[in-house]
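Keep in mind that this is a model prediction, so the values were computed, not measured. The residues of the chain are indexed from 1 along the displayed sequence.
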Amino acid sequence: LKTIDLQDSPLNGIGYCVFKECTSMREFIAPPKIKRISEGAFCKCTALEKVYLPEAVREIRKYAFSKCYHISEVELRSKNTYINPSAFHKSNAALKFVWESKESFPEEARQGFDIDDQGVLRVYFGSEAEITIPASVNETGLHAFYGNTSVEILHAPYVKKVGKYS
C-alpha cells in the first residue's frame, strides 16, 4: 500500500488514529468533502511523503501527522484551515506547504504563518531558519512554534504579547 487515493470517496472526516503506523503509505489524497483530520490520524506513517488536502478541510488536529519523518509536502487548498500547533510534531523539519492557487492566500500564509482575525499567530508551519513575524501579528498564541525545529533566528518587532509555550 503506497498510495491511498480517496478523491472519489464521500467521507467527510479522517478518524482518530485511522492510518496510524501505516508504514508503507507514501502518498495520501483526501476526499473532496473532508472537513477534519482527527488526532493521530497519520501518526507514525514513517514513509509518508506527500499529502493532498481539499478546500473543504477546516481543521487538522493535534498529532495528526506526528512522527511522519519523511513527509516533505502538504498541498493545502484551503486558506481557512486551523492547523493545531502539534499536528506535525516530530515530523520532517523540511516540510513544505504548497497551495494550489497561491494568489488566493494572504502573503503571510504563503510564508508559513497562520494568523487569526485578532492578529494572533496561531502557528508557524514554515521551515525557514530566519523569520520576521509580520506586522499584522501583535501576539503569539499558545504553542505557536511547538515542534518547529527549523527556526534559529526570530525577529518580532510588532509582537506585544508572547503566548504561553510559544
Side-chain angles (χ1 to χ4, degrees), residues 12-17 28 30 33-45 48-166:
N12 66 5
I14 302 296
Y16 174 80
C17 294
F28 177 76
K33 295 181 181 177
I34 187 174
K35 293 183 181 357
R36 176 190 71 258
I37 298 177
S38 294
E39 184 175 336
F42 296 90
C43 180
K44 297 182 182 177
C45 290
L48 185 62
E49 297 171 353
K50 293 185 179 183
V51 176
Y52 302 92
L53 302 175
E55 190 171 342
V57 173
R58 293 293 173 254
E59 181 180 21
I60 301 174
R61 293 191 174 168
K62 66 181 179 178
Y63 308 120
F65 294 93
S66 177
K67 298 182 182 177
C68 293
Y69 303 119
H70 292 98
I71 193 167
S72 60
E73 185 175 302
V74 174
E75 182 178 301
L76 186 61
R77 297 180 186 158
S78 172
K79 61 181 175 183
N80 297 313
T81 300
Y82 171 70
I83 302 171
N84 184 284
S86 59
F88 293 89
H89 179 66
K90 293 188 177 179
S91 289
N92 186 356
L95 171 64
K96 298 280 185 195
F97 284 80
V98 177
W99 291 272
E100 186 175 78
S101 174
K102 288 187 176 185
E103 289 74 34
S104 66
F105 287 83
E107 178 63 26
E108 291 90 352
R110 293 195 303 268
Q111 294 173 1
F113 296 97
D114 182 2
I115 305 164
D116 71 14
D117 294 337
Q118 287 76 44
V120 177
L121 174 62
R122 295 188 291 192
V123 65
Y124 174 71
F125 51 84
S127 58
E128 300 297 321
E130 182 173 356
I131 63 169
T132 298
I133 295 179
S136 59
V137 174
N138 57 44
E139 179 180 341
T140 61
L142 178 68
H143 298 292
F145 292 92
Y146 185 77
N148 186 300
T149 57
S150 60
V151 177
E152 295 173 7
I153 300 170
L154 174 69
H155 304 280
Y158 306 101
V159 174
K160 295 177 178 122
K161 182 178 177 187
V162 176
K164 194 173 186 179
Y165 308 116
S166 283

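Heavy atoms from other residues, nucleotides or ligands lying under 6.0 Å from CD of Glu39 number more than 12.
Between Phe42 and Phe65, the ring-plane angle classifies as parallel under the 30° and 60° cut-offs.
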Q.
I'd like to know whether Val159 forms a side-chain contact (heavy atoms from CB on, under 4.5 Å) with Leu121, so could you lay out the CA-CA distance, the side-chain angles of the two residues, the decisive distance to 0.1 Å, and finally the verdict.
A. CA-CA 10 Å; Val159 174; Leu121 174 62; over 6 Å; no
Q: Before giving the answer on side-chain contact (heavy atoms from CB on, under 4.5 Å), spell out for Glu130 and His155 the whole-Å C-alpha distance, their side-chain angles and the decisive distance to 0.1 Å.
A: CA-CA 8 Å; Glu130 182 173 356; His155 304 280; 2.7 Å; yes
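Taking each heavy atom of Val57 and Thr81 in turn, the nearest pair found is O-OG1, 2.6 Å. Nearest heavy-atom pair across Phe88 and Ile71 is CE2-CD1, 4.1 Å. Ala41 and Gly15 get closest at one heavy-atom pair: CB-O, 3.6 Å. Taking both residues in full, the closest heavy atoms of Ser38 and Ala64 are given as O-CB, 3.7 Å, listed atom of the first, atom of the second, then distance. Residues Val120 and Thr140 approach most closely at CG1-C, 4.2 Å, considering heavy atoms. Contact between Pro54 and Arg77 at its shortest, heavy atoms only, is C-CB, 3.9 Å.
Here NE2 of His143 is found 8.5 Å from NZ of Lys164. Values are rounded to the nearest 0.5 Å. Here Ile37 contributes atom CD1 and Ile83 contributes atom CD1; the two are 9.5 Å apart, rounded to the nearest 0.5 Å. Taking CD1 of Ile60 as the reference point, atom OG of Ser86 lies at 11.5 Å (rounded to 0.5 Å). Here NE2 of His70 is found 15.0 Å from NZ of Lys67. Values are rounded to the nearest 0.5 Å. Here the straight-line distance linking atom OH of Tyr63 with atom OG of Ser91 works out to 11.5 Å at 0.5 Å rounding. In this structure, NZ in Lys33 is found 9.0 Å from CG in Asn12, a value given to the nearest 0.5 Å.
Residues Leu53 and Val74 form a side-chain contact, since some pair of their non-hydrogen atoms from C-beta on lies under 4.5 Å apart. You'll find the side chain of Leu154 stays beyond 4.5 Å of the side chain of Tyr124, heavy atoms only.
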